2 protein chains.
Amino acid sequence: MADSRTPRSSEGLGSSSPAPAVTRAAAVLDALAEAPSGRLTLSDLSRELGIPKSSTSNLLMALEEARLITREGADFSLGRKLVELGAAYLSRLDEVQEFYKFCEQAPTLSGETVRIAMIDGDHIIYLARYEGHPAVRLTSNIGDKMPLSLSAVGKVLLAQLHDHDIEAMFPDDVELPVMTPKSLRSAAELKAQVAAIRKQGYALEDEESTLGVVCLAVPVPTHGAHGPSLGLSVTALKATFSEEQAALMVKELKELAHSLGNPMG
Amino acid sequence: MADSRTPRSSEGLGSSSPAPAVTRAAAVLDALAEAPSGRLTLSDLSRELGIPKSSTSNLLMALEEARLITREGADFSLGRKLVELGAAYLSRLDEVQEFYKFCEQAPTLSGETVRIAMIDGDHIIYLARYEGHPAVRLTSNIGDKMPLSLSAVGKVLLAQLHDHDIEAMFPDDVELPVMTPKSLRSAAELKAQVAAIRKQGYALEDEESTLGVVCLAVPVPTHGAHGPSLGLSVTALKATFSEEQAALMVKELKELAHSLGNPMG
DNA sequence: CACGCTTGTTCAATCCACTGAACAACCACC
DNA sequence: GGTGGTTGTTCAGTGGATTGAACAAGCGTG
């Protein structure tokens with residue numbers, strides 16, 4: 001590691017936050033979350049974020065006192081309080097509770113792997129997972145992120161946005177992340193799919209993120225302000241995937257989406 | 001609640017953090033997490049935390065920019081990034097991954113509801129849940145907290161601590177939280193149980209948090225520094241709970257605990 | 001409608017958190 | 001042991017974040 005890791009900031013004062021210490025503290029949390037090992041030393045952080053060591057030390061002490069991070073010898077890592085806070089966020093989403101109930105009772109979905117996700121910047125983030133099918137256990141977990149272009153939920157949520165927003169996120173010469181030979185390569189492909197999704201009302205992901213696995217997704221209608229867009233998806237093995245089954249799943253997903261979108265039931 | 005909510009701080013400079021803005025930002029997150037509705041306005045926060053409105057405004061703007069909180073009109077609530085960060089924390093715990101694998105293959109446990117928890121101040125916090133028994137779905141979720149004295153895991157983790165630490169947390173005249181008629185009432189009762197747990201190597205919670213539900217728990221041996229103590233528990237309905245079954249469960253829990261405590265396998 | 005009481009945002013003066021350099025402790029290598 | 005590179009901590013000066021008061025906008029109530 002001669003030239004070490006890429007310092008991400010170096011713009012530093014570009015934003016000029018009204019409370020720089022907080023912004024930097026958040027950057028520390030991000031850095032720890034993205035670090036492969038999950039552990040960084042004071043110097044690592046200072047270097048990577050371009051913050052003087054002395055200031056970094058102060059930040060870390062404050063973060064540790066708040067239990068947002070943990071110190072173990074010279075290494076810092078994320079703290080348990082983050083799990084609490086994340087859980088507090090999720091527990092407030094009534095949609096998640098109803099999601100579980102619905103899945104258990106749905107004729108087809110109750111035997112499948114169903115997930116609910118939310119758009120989060122240029123990614124989606126999984127909020128909950130129902131597993132009626134213990135045979136197929138997903139590697140993805142609650143809180144995991146996926147690029148929009150690589151998941152059925154991502155595409156279906158993208159299709160909900162206005163065209164100019166999509167254009168801003170995916171200019172024609174953008175390079176899309178690729179995970180399998182079937183992953184979408186160009187913005188044009190993506191936009192064509194978006195158009196199709198808008199017509200048919202659901203999205204299909206056909207081995208674009210994992211070979212052998214297909215995914216169907218529908219959007220949850222956002223009745224007014226409330227919050228950011230939610231999406232639902234079913235995951236299945238391509239081998240055991242039929243047209244009729246897909247139709248059933250989409251039908252039930254849409255029912256669930258409708259009941260999530262109209263809270264009274 | 002005529003006199004409204006209790007302003008929690010008012011000690012203010014007691015701690016004198018090296019980065020007050022960060023400490024206060026953390027307090028904001030805590031307040032939002034504990035607020036019953038999950039939403040507070042700028043003035044609410046300013047009042048409750050004893051921070052001037054103008055400063056609170058700055059904090060909130062910085063927190064919002066970091067997506068640690070979300071603004072909806074005048075209301076602020078926790079942000080999605082917290083789910084990411086919490087998930088990042090959990091994904092680093094190898095124990096959680098192994099926990100799932102083990103549960104699936106264990107003869108008895110694979111059909112039960114098993115959880116792994118961690119001590120967190122004067123509470124426990126649930127890190128993961130395996131549900132082999134869809135009939136009995138727990139209301140508790142990942143990230144939820146429970147008082148030490150009210151859960152089997154809590155008691156078993158308490159038993160791992162030194163006596164003087166226990167004494168500090170539970171002086172003789174302490175008032176324990178009560179959730180059912182069978183909840184422990186006095187520190188003396190709790191300490192008697194701790195002694196018993198140390199002898200037998202596992203803890204039993206007999207309808208102390210929920211009527212009709214029993215819980216068994218064992219500690220995960222912490223091989224040296226690593227991290228805070230972990231505990232495992234099985235939850236069952238009292239109605240369908242037998243001595244022989246309990247013995248089997250404790251045996252498998254101990255196997256799991258052992259394999260978690262000795263990472264190589 | 002005017003009133004009282006909220007709310008959140010603006011702005012200049014002050015104070016304190018941030019910084020940089022100097023420090024001590026450590027490790028690896030020769 | 002000496003030496004060059006680390007590491008994290010300490011501390012006094014200073015520049016910018018914090019703040020209080022003043023502002024504007026909203027909302028019930030009589």
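Letters A, B, ... are given to chains in the order of the sequence lines, protein chains preceding strands, and every chain is numbered from 1. Given the structure is predicted, the values throughout are model-derived calculations rather than measurements. Only this structure's heavy atoms are used, side chains among them; waters, hydrogens and symmetry mates stay out.
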Spacing between [X] atom [atom1] and [N] atom [atom2], to the nearest angstrom:
X: B/K53; N: C/dC5; atom1: NZ; atom2: C1'; value: 11 Å
X: A/I51; N: C/dA17; atom1: CD1; atom2: P; value: 17 Å
X: B/N58; N: C/dT9; atom1: CG; atom2: P; value: 10 Å
X: B/L40; N: C/dG8; atom1: CG; atom2: C1'; value: 15 Å
X: B/M61; N: C/dT9; atom1: CE; atom2: P; value: 7 Å
X: B/L45; N: C/dT6; atom1: CG; atom2: P; value: 17 Å
X: A/L59; N: D/dT9; atom1: CG; atom2: C1'; value: 15 Å

_For A/M61, is the CE atom crowded, meaning more than 12 foreign heavy atoms sit under 6.0 Å from it?_
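Incorrect, the count does not exceed 12.
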A correct dot-bracket answer for DNA chain C, with pairs being Watson-Crick or G-U at under 3.5 Å, [ ] for crossing pairs and | for inter-strand pairs, is ||.|||.||||||||||||||||.||||||
Margin query: Check this for me: does the side-chain of B/S57 come within 3.5 Å of the base of C/dG8 through a donor and an acceptor?
Written below: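 For B/S57, whose side chain was compared with the base of C/dG8, there is no donor-acceptor pair (under 3.5 Å).
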Practice problem: Using modelled atom types only, decide if a donor and an acceptor are shared between the side chain of B/R71 and the backbone of B/G73 within a distance under 3.5 Å. | Solution: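 Judged by distance alone, yes, a pair lies under 3.5 Å.
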### Message
Under a 3.5 Å distance rule, please check whether B/T41 uses its side chain to pair with a backbone N or O of B/D75 as donor and acceptor.
### Response
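Absent.
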Problem - Selection from C/dG8, C/dG20, D/dG20 that lies nearest to any side-chain heavy atom of B/L42 - result: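 Closest nucleotide to the B/L42 side chain: C/dG8.
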>> Tell me whether the side-chain N/O atoms of B/R47 come closer than 4.0 Å to OP1 or OP2 in C/dT6.
In response: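 Indeed not, no polar side-chain atom of B/R47 lies that close.
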Would one find a side-chain N or O of B/S43 under 4.0 angstrom from OP1 or OP2 of C/dT6?
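No, B/S43 has no side-chain N/O under 4.0 Å of OP1/OP2 on C/dT6.
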